[in-house]
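These figures come from a predicted structure and were not determined experimentally. Counting starts at 1 for both ligands and their atoms, in listed order.
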Amino acid sequence: MTNAIGILGGTFDPVHFGHLRSGLDVAEQFDLAEIRLIPAARPPHRGQPQATAEQRLEMLELAVAENKTFVIDDRELHRQGKSYTIDTLLSLRQEFPNSPLYLILGTDAFYGLTTWHRWQELLDFTHIIVMTRPGEKTVMPTALAGWQIVDANNIDPTTLTGKVYRCDVSQLDISATQIRTLLADNKSPQFLLPEAVLSYARAEKIY
Ligand code: ATP
C-alpha cells in the first residue's frame, strides 16, 4: 500500500468539480494514498476570499463527504500571516517524514512558480505534479531551465522529493470566479459543483 500524499492547495471559494475531478485523476494515475485539500487563509497572490475560512472548510467537507481519497487539511487556517506553500511543506514533512509528497499545480500556477516565496527550495521538500491538458507541451519557463519534467511512467515510489511530473487530467473549464459571478447575477451554477456545496452557499448567502 502506497503512502504517497498529494497536496492540492487553493482558495476553494467555492470548491468545484474542476478541483475534485482533476485531483482524483492525479490520485489514480500516481497511485496516491490520499489528496490533502489545503485551503489558504491569506493567499499571497490575490484578494481576500468572499467566503469565510469556516464557510470554505464547510463547503470542502460537504464536497468530499462521500469520498475517501480526499482529506481536508486546515493547517494554513491556523497559521498567522500569509499562506506560503513552503511553510506548509515544512509542516507536512515533519508530520510525514517517510511519505513521498506531491504538490499538485495547474499549468498557470506552475508558470508563476518563480514568484513564490523560497521557490528554489520547494523540491527539497516535495515532488511537483503539473496538471496538463492531453497533448499539451509544457514549456519550461527560463528560470526553471534546470528542471526536467517527466510523466507518470517515470515514478520512483522510493524517492520522497525532487521530481517534476506532468499528469493529464480531465478538462473541465470551471472556475470559482465563474460560479461566484453566476450566483451574483442570480444565474445557476448547478452541475459545476457538488449539489450540497451549492445548497450551502445559497443558504448562507455567501456570494
Ligand atoms: P478562482 O476562480 O477564485 O481564482 P479557482 O477556480 O482557480 O479559483 P483555486 O481555489 O484558486 O480555484 O484553485 C486551486 C487549484 O486548483 C489551483 O492549482 C488551480 O490551478 C486548480 N484548479 C482550479 N480550477 C481547476 C479546473 N477547472 N481544472 C483543474 N484544476 C483547477
Side-chain angles (χ1 to χ4, degrees), residues 5-30 32 35-64 69-77 82-86 88-89 101-117 119 122 126-136 138 141 149 164-185 187 189-194 197-198 201 206-207:
I5 296 174
I7 302 159
L8 185 52
T11 318
F12 302 116
D13 185 25
V15 60
H16 54 69
F17 286 137
H19 302 125
L20 299 167
R21 181 62 235 179
S22 46
L24 196 55
D25 284 334
V26 172
E28 299 203 321
Q29 290 182 57
F30 283 75
L32 304 181
I35 300 242
R36 301 183 86 83
L37 296 170
I38 310 190
R42 281 158 287 267
H45 294 291
R46 54 185 290 158
Q48 280 308 300
Q50 248 171 273
T52 64
E54 293 69 28
Q55 288 171 329
R56 290 183 293 128
L57 266 184
E58 180 61 26
M59 291 190 281
L60 284 166
E61 300 279 0
L62 291 166
V64 303
T69 302
F70 292 102
V71 174
I72 296 158
D73 182 325
D74 63 358
R75 74 188 64 220
E76 291 192 359
L77 302 177
K82 294 203 164 141
S83 302
Y84 291 122
T85 299
I86 190 83
T88 304
L89 292 170
L101 297 179
Y102 292 88
L103 177 66
I104 303 165
L105 301 174
T107 317
D108 46 336
F110 180 65
Y111 286 152
L113 201 72
T114 56
T115 64
W116 290 23
H117 185 53
W119 67 269
L122 292 171
T126 186
H127 297 299
I128 290 177
I129 296 175
V130 186
M131 295 185 284
T132 43
R133 287 173 190 279
E136 180 183 8
T138 318
I149 188 162
V164 185
Y165 295 96
R166 78 164 71 74
C167 179
D168 285 349
V169 297
S170 305
Q171 295 303 303
L172 299 173
D173 190 6
I174 302 172
S175 70
T177 303
Q178 172 196 11
I179 292 169
R180 292 194 300 273
T181 305
L182 286 170
L183 284 167
D185 293 348
K187 296 202 168 112
Q190 195 182 19
F191 310 128
L192 298 176
L193 73 173
V197 176
L198 177 55
I206 303 175
Y207 303 107

_atom 19 (C) of ligand 1 protein-contacted (non-hydrogen atom, under 4.0 angstrom)_ =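 Looking at atom 19 (C) of ligand 1, one finds that no protein heavy atom lies closer than 4.0 Å.
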*Please indicate, with yes or no, if any protein heavy atom is found under 4.0 Å from atom 7 (O) of ligand 1?*
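False for atom 7 (O) of ligand 1.
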*Measure the OG1-CD1 distance between Thr88 and Ile7 for me, rounded to the nearest 0.5 Å.*
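The OG1 atom of Thr88 sits 8.5 Å away from the CD1 atom of Ile7.
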*Could you grab the distance from atom CG of Leu103 to atom CD1 of Ile129, nearest 0.5 Å is fine?*
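Leu103 CG to Ile129 CD1: 9.0 Å, rounded to 0.5 Å.
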Tell me: protein heavy atom nearest [atom], and distance?
atom                    : value
atom 28 (N) of ligand 1 : Gly18 O, 3.5 Å
atom 4 (O) of ligand 1  : Arg46 NH1, 2.9 Å
atom 27 (N) of ligand 1 : Leu172 O, 2.7 Å

Counting only nitrogen or oxygen atoms and a 3.5 angstrom limit, does [X] reach ligand 1?
X      : answer
Ile104 : no
Ile174 : yes
Phe12  : yes
Ala176 : yes

Out of [options], who gets a non-hydrogen atom closest to [atom]?
atom                    : options              : answer
atom 15 (C) of ligand 1 : Gly23, Gly9, Ser170  : Gly9
atom 29 (C) of ligand 1 : Ala109, Ser22, Pro14 : Ser22
atom 16 (O) of ligand 1 : His19, Gln171, His16 : His19

*Could a heavy atom of Arg180 be found less than 4.0 Å from some atom of ligand 1?*
yes
*Sub-3.5 Å donor-acceptor pair from the side chain of Asp185 to the main-chain atoms of Lys187, do we have one?*
no
*State the atoms of ligand 1, each with its element, that fall below the 4.0 Å cut-off from a heavy-atom position in Gly106.*
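It comes down to these atoms of ligand 1: 18 (O), 20 (O).
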*Just heavy atoms, cut-off under 4.0 Å: does Thr177 contact ligand 1 by side chain, backbone, both, or neither?*
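It is both backbone and side chain that touch ligand 1.
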_Below a 4.0 angstrom heavy-atom separation, can you tell me which part of Arg21, side chain or backbone, both or neither, approaches ligand 1?_
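The answer is neither; Arg21 stays 4.0 Å or more away.
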*Parallel, tilted or perpendicular: which describes the rings of Tyr165 and Tyr102, with under 30° parallel and over 60° perpendicular?*
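The rings of Tyr165 and Tyr102 sit tilted, inter-plane angle from 30° to 60°.
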*Return yes when atom CG of Asp173 has more than 12 non-hydrogen atoms of other residues, nucleotides or ligands closer than 6.0 Å, and no otherwise.*
no
